[in-house]
**Student:** 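Can you read through this structure? Questions will come right after.
Numbers here are sequence positions counted from 1.
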Amino acid sequence: MHKEPAVSIYVNDEDKTGQISDWKIGWGNTWDALRLTCYFPSGKSYSWPLHECKITPTHELNEQLGLKKGSAVLSALDRAVIYGNKYIVVEYSGNSKPYVMNAGNIELFNKTTLHKEPTFEYFTTLAEARVAQAGPDDDAISNNVLRQLKKLPPYAETALHAYCHGSNQQRAPEEGFIYPFGINESQLEAVEQAFASQISLIEGPPGTGKTQTILNIIANILVRGNTVAIVSNNNAAVENVYEKLDKAGLGYLAARLGSSKKRDAFFSAPSDGPDDFPDSAPDRQEIQSDLYHLKEHLHAHNAVARLQAEIDELTIERRYLAQWQSNNSLSTLSDLEKYNLSPQKTTDLLVYLHQLGERRLGIKDRINLLLKFKILRTKHFNEWERRKSAIYGLQLHYYDKALLDKQTALTSYQEELQSAHFETLLDHLTSSSMAYLKRHLYEHIARDETFDSKSYRKRFDTFIKRYPIIGSSSHSIINSLGQGAILDYVIIDEASQQDIVPGILALGCARNLIIVGDRKQLPHIPTATGVTAPSEFYDCEKYSLLDSCVSVFEDSISVTLLKEHYRCHPRIIQFCNQQFYDNQLIPMTQDRNEKALTLLETAKGNHARNNANLRELDSLLKTLEWNEESEGKSEGSKGFIAPYNAQVSLSQNLLPAEFVKNTVHKFQGRECDEIVFSTVLDKKQGSQKNLGFVDDPHLINVAVSRAKNKFTLVTGDDVFTANNAHIAALTRYIKYYADETQIHRAPVISAFDLLYEEYDRSLERLNGRLQASDSSFKSEQIVARLLRDTLSITMYQAMTFHSQIALIQLASLTNETLTAREIDFMRNRASCDFVIYYRVGKTPLGVIEIDGGQHDSPLQAERDALKNSILKKSNVHILRLRTNESHIEERIEKFLATWMHSSEKAL
């Protein structure tokens, strides 16, 4: 164990150490010099000028930062002398008289060299370049940011220091969390992780309760006696926090600062303390007991929502399958319950029956059916016609069994929640947490202090005890604090829109950073300066603060995704979920068969002029008339959004006043009951540059997720098909899921493929059990491998493939252009070797056929010609690969690139 060295006291070179009982340093009566006073066991004391004495150990430090105990304000020290580890004599910059302090009442820190290091110098140079470029409207802001950068204290414990060095400190585990604003499974994790490390990230997709999570974090900061700043590049985000604090009766804790105008407004009408306070409040242990029991059921709460979404999806898939079978007059075997097949066994049996082909059952087949599926009587599977009926029946049976299994699981979870009184438990945890918080604040917040905008910084320690929550825009945060003030936490909301500079100002005034944002939404629009960054991830012209932090800290940063979605109708948010969030979101809203999706495709033609499209607006107005006639005037807030200002301006004079009209960028952070999104472009205006701007994934994600109850897409016919990106996927999605009455264009026939994804996995598992290869044919094994390799490339991950798909399930028998011979060929079990699909939208893209030597025969050539003709009439592309050809990989990739974004092709 480390032991401090003994203290020795000399006066005029005479050792007094063994003679005295105590000593101190202070000012004499004349206040002209520091003196050492020694106390003797006799009770007498004597003092001498300090310069005549020697105290060992003595340490002299220059250019230090000092932080008094209980203070939030760092002070710059010219010199500090530590005597015997008991007293510290400090000399402040600009003050000639030294101060004597007990060593335990002040901490000393070496100044960092951060301001002289390349990363910070880059930020300063960038700020200077922006000042040089600034126009009249932003000159004041640019200069203000630069001045604040120069005020940042050189303190090594700030989040800025951690950011510039890519070093994220872990914190000691915290316990005893409270949740006065409610909680769900992922929000609970986010709160806990926010206190586990110096830098943490909360990814908050639209409608997942970011503000609620922030408020719970603030509550736990407050009960720990800490301070926090809430900042954002978007003032609306900070105002949203204020609004929720006010609603909870906690608005009196927040100092609403920022610009000088906002500061003056705040101090002119300071908030009073609470009107009332709880006479009693639960103790922390009672809250933790409630939390412990609640945690046991949070998963079940999410499982109920997830299962309901899956049931809704399966129900739609089954309806499409039944409709397809009915349209094609296909007979199905209904007596399948006696086999007691699970959904998995059903798909395994489907695969097995497809592999049998048209041949009759042999003894080996009967044994396999008995051993693998417990099927003894095989009359339904022996002949091809009866086997087809069994296959169609099994397809429906799969959905029936899957729906039954999921409904059983759903009921079980619902019963668990009901038995545990989940809602009551959640309400009790919320109310008891709020009561505890308010009682704690009443006992610890002094409410009799008054401040003004001119002097509050000089009394900042007192001010921050009265207002432990500081609100500000990111570019005014340093101006809002006392000189050298260091807060415990800073929370940056909407961090995906936060420019690195001025975002780092907030990092420079706090020890811990909590970043809240969504990388899938619109980023900020950077100002180009040409200043070269010291390393890529600090580049202010390429990265938002959110993206930069993710890249700088890599695996050391805690990232929590808020999954539970509360805003949009399930059909609306499920598009974003599938297209952008990898199906990680859990819709907590209910689908009650509302008409949530509408597609309006304008007629062919070049209707766009100068980034405006009158035809889209005229078509929308006509559709609104139809809706009013058939459904009546809809209630609720309405928004019209477009990618271009010109279209928004045009809409001002044409659309009803009830519509809020704005660009998608300006609508981020807002919501409406109904949203209409106009894409503006036509094929002539759809240049690569324009398509890249309008079809940007961030923009589409924001546009769709603004709608709570109804989303309408207004777009030109086939404008975005060639781009094959997000609007094309959205169009396919709406056509698939929307009510037919909500598609205002001739319906497009889509092939059914929802069953195939699970089918395909079963095929691979079955082949894996029989043999390591994908097929008994070597040529198909090779192509399957090459397809997997190619589709694993990022640019092709929107596609997938399935093998051995019946031609009748790709092309519709109702197609009037088909000949009788072609229809007969389809009915006669023709199949395709490989079919390429979009993962989202379930639309078949193309077919890859493997042509071996037998394809040179006249009979096979005639069959190939029939298949080519049927696929062409069904608008399905085909690529034929002969087994004697080389460069197969290049041909497959070129075939897949047919549907890729043009810019991706260039790559």
**Student:** Just by distance, no angles: are the side chains of T663 and N645 close enough, under 3.5 Å, to form a donor-acceptor pair?
**Tutor:** no
**Student:** Does P523 offer a backbone N or O that forms a donor-acceptor pair with the side chain of Q497 under 3.5 Å?
**Tutor:** no
**Student:** Quick one: do N724 and T721 satisfy side-chain contact (heavy atoms from CB on, under 4.5 Å)? Show the steps, please.
**Tutor:** CA-CA 5 Å; N724 281 328; T721 303; 4.2 Å; yes
**Student:** Within the side chain of Q187, is there an N or O that forms a donor-acceptor pair under 3.5 Å with the backbone of L562?
**Tutor:** no
**Student:** With a 3.5 Å distance limit and no angle check, can you tell me whether N327 reaches the backbone of W324 through a side-chain donor-acceptor pair?
**Tutor:** no
**Student:** Does the ring center of H802 lie less than 6.0 Å from the ring center of F834?
**Tutor:** no
**Student:** Show, in sequence, the C-alpha distance, side-chain angles and deciding distance for E564 and N302, and conclude whether the side-chain hydrogen bond (donor to acceptor under 3.5 Å, both in side chains) test is met.
**Tutor:** CA-CA 8 Å; E564 296 86 346; N302 278 8; 2.7 Å; yes
**Student:** Determine whether a donor-acceptor pair (N or O, by modelled atom type, separation under 3.5 Å) exists between the side chain of D833 and the backbone of I850.
**Tutor:** yes
**Student:** Verify side-chain contact (heavy atoms from CB on, under 4.5 Å) between F801 and Y837, making sure each step is shown before the conclusion.
**Tutor:** CA-CA 6 Å; F801 77 92; Y837 296 89; 5.8 Å; no
**Student:** Any chance you could measure H744, atom NE2, to L600, atom CG, to the nearest 0.5 Å?
**Tutor:** 7.0 Å
**Student:** Find out whether I848 and I836 are in side-chain contact, i.e. whether some heavy atom of one side chain is under 4.5 Å from a heavy atom of the other.
**Tutor:** yes
**Student:** Does NZ in K563 sit with more than 12 non-hydrogen atoms of other residues, nucleotides or ligands closer than 6.0 Å?
**Tutor:** no
**Student:** Could you state the interatomic distance from CD (E616) to OG1 (T715), rounded to the nearest 0.5 Å?
**Tutor:** 6.0 Å
**Student:** I'd like to know if E203 pairs up with K520 as an ion pair, taking the criterion as any Lys NZ or Arg NE/NH1/NH2 lying under 4.0 Å from an Asp or Glu carboxylate oxygen.
**Tutor:** no
**Student:** If the test is side chain to side chain donor-acceptor pair (under 3.5 Å), which one of S474, S548, S544 qualifies with Q498?
**Tutor:** S474
**Student:** Give the C-alpha distance, both sets of side-chain angles, the deciding distance and a yes or no for salt bridge (Lys or Arg N to Asp or Glu O under 4.0 Å) between K708 and E674.
**Tutor:** CA-CA 6 Å; K708 293 170 62 177; E674 297 184 21; over 6 Å; no
**Student:** Check this for me, if you would: do K735 and E601 make a salt bridge, where the nitrogen-to-carboxylate-oxygen distance has to be below 4.0 angstrom?
**Tutor:** yes
**Student:** Can you confirm whether Q797 is buried at CD, in the sense that more than 12 heavy atoms of other residues, nucleotides or ligands lie under 6.0 Å from that atom?
**Tutor:** yes
**Student:** Restricting to non-hydrogen atoms, name the atom on D518 and the atom on S496 that form the minimum distance, rounded to 0.1 Å.
**Tutor:** O-CB, 3.2 Å
**Student:** Please confirm whether F640 and F659 have ring centers closer than 6.0 angstrom.
**Tutor:** no
**Student:** Should H877 and L845 count as side-chain neighbours, where that means a heavy-atom distance under 4.5 Å?
**Tutor:** no
**Student:** Just to verify, which of H726, Q574, R839 counts as forming a side chain to side chain donor-acceptor pair (under 3.5 Å) with Q579?
**Tutor:** H726
**Student:** What's the shortest heavy-atom distance between L879 and I892, and which atoms?
**Tutor:** CD2-CA, 4.3 Å
**Student:** How many angstroms lie between atom CG of L896 and atom CG of L787, to the nearest 0.5 angstrom?
**Tutor:** 6.5 Å
**Student:** Within the side chain of T589, is there an N or O that forms a donor-acceptor pair under 3.5 Å with the backbone of C568?
**Tutor:** yes
**Student:** Can you tell me how far CZ of F575 sits from CG of L597, rounded to the nearest 0.5 angstrom?
**Tutor:** 10.0 Å
**Student:** Let me see the working for L713 and T679 under side-chain contact (heavy atoms from CB on, under 4.5 Å), right down to the final yes or no.
**Tutor:** CA-CA 8 Å; L713 174 66; T679 61; 3.7 Å; yes
**Student:** Which residue in the set H524, Q521, K210 passes side chain to side chain donor-acceptor pair (under 3.5 Å) when paired with E494?
**Tutor:** K210
**Student:** With the side chain counted from C-beta on, respond yes when Q742 and L599 share a heavy-atom pair under 4.5 Å apart, and no when they do not.
**Tutor:** no
**Student:** Do L818 and K873 have side chains that get closer than 4.5 Å, going by heavy atoms?
**Tutor:** yes
**Student:** Measure the shortest side-chain to side-chain distance between F711 and I734 over non-hydrogen atoms and say whether it is less than 4.5 angstrom.
**Tutor:** yes
**Student:** Could you check if a side-chain atom of V680 sits within less than 4.5 angstrom of a side-chain atom of V694, using non-hydrogen atoms only?
**Tutor:** no
**Student:** Are E313 and R571 ion-paired here, with the side-chain N under 4.0 Å from a carboxylate O?
**Tutor:** yes
**Student:** Would you say the side chains of E893 and T790 form a donor-acceptor pair under 3.5 Å?
**Tutor:** no
**Student:** For S812 versus T814, what's the shortest heavy-atom pair and its separation?
**Tutor:** OG-OG1, 2.5 Å
**Student:** Check the angle between the aromatic planes of F693 and Y644 and answer parallel, tilted or perpendicular using the 30° and 60° thresholds.
**Tutor:** tilted
**Student:** Could you check whether any side-chain N or O of R567 sits under 3.5 Å from a backbone N or O of S705, counting only pairs where one atom can act as donor and the other as acceptor?
**Tutor:** yes
**Student:** What's the verdict on ring pair (Phe, Tyr, Trp, His ring centres under 6.0 Å) for Y538 and Y543, showing C-alpha distance, side-chain angles and the deciding distance?
**Tutor:** CA-CA 7 Å; Y538 295 107; Y543 294 95; 9.5 Å; no
**Student:** Hey, does the side chain of S874 reach the backbone of V876 with a donor-acceptor pair shorter than 3.5 angstrom?
**Tutor:** no
**Student:** Any donor-acceptor pair under 3.5 Å linking the side chain of E594 with the backbone of R592?
**Tutor:** yes
**Student:** So, are E310 and K406 salt-bridged, with charged N and O less than 4.0 Å apart?
**Tutor:** yes
**Student:** Does the side chain of Y733 reach to within under 4.5 Å of the side chain of Q578, using non-hydrogen atoms?
**Tutor:** yes
**Student:** Can you check whether F677 reaches L699 side chain to side chain, under 4.5 Å on heavy atoms?
**Tutor:** yes
**Student:** Return yes if some donor-acceptor pair links the side-chain N/O of D673 with the main-chain N/O of G636 below 3.5 Å, else return no.
**Tutor:** no
**Student:** Between the main-chain N or O of A646 and the side-chain N or O of N611, is there a donor-acceptor pair closer than 3.5 Å?
**Tutor:** no
**Student:** Work out which heavy atom in V550 is nearest to a heavy atom in L201; give both atom names and the distance.
**Tutor:** CG2-CD2, 3.4 Å
**Student:** For P206 versus Y581, what's the shortest heavy-atom pair and its separation?
**Tutor:** CD-OH, 3.3 Å
**Student:** Take L807 and I870, measure what side-chain contact (heavy atoms from CB on, under 4.5 Å) needs, and give me the verdict at the end.
**Tutor:** CA-CA 9 Å; L807 184 57; I870 292 168; 3.9 Å; yes
**Student:** Would you mind checking if D718 and K683 are paired as a salt bridge, meaning a charged N to carboxylate O distance below 4.0 Å?
**Tutor:** yes
**Student:** Output the distance between atom CD1 (I675) and atom CZ (F667), rounded to the nearest 0.5 Å.
**Tutor:** 4.5 Å
**Student:** Atom CZ in R706, atom CD1 in I572: separation rounded to 0.5 Å?
**Tutor:** 11.5 Å
**Student:** Which atom pair, heavy atoms only, marks the closest approach of Q584 to L561?
**Tutor:** OE1-CD2, 3.5 Å
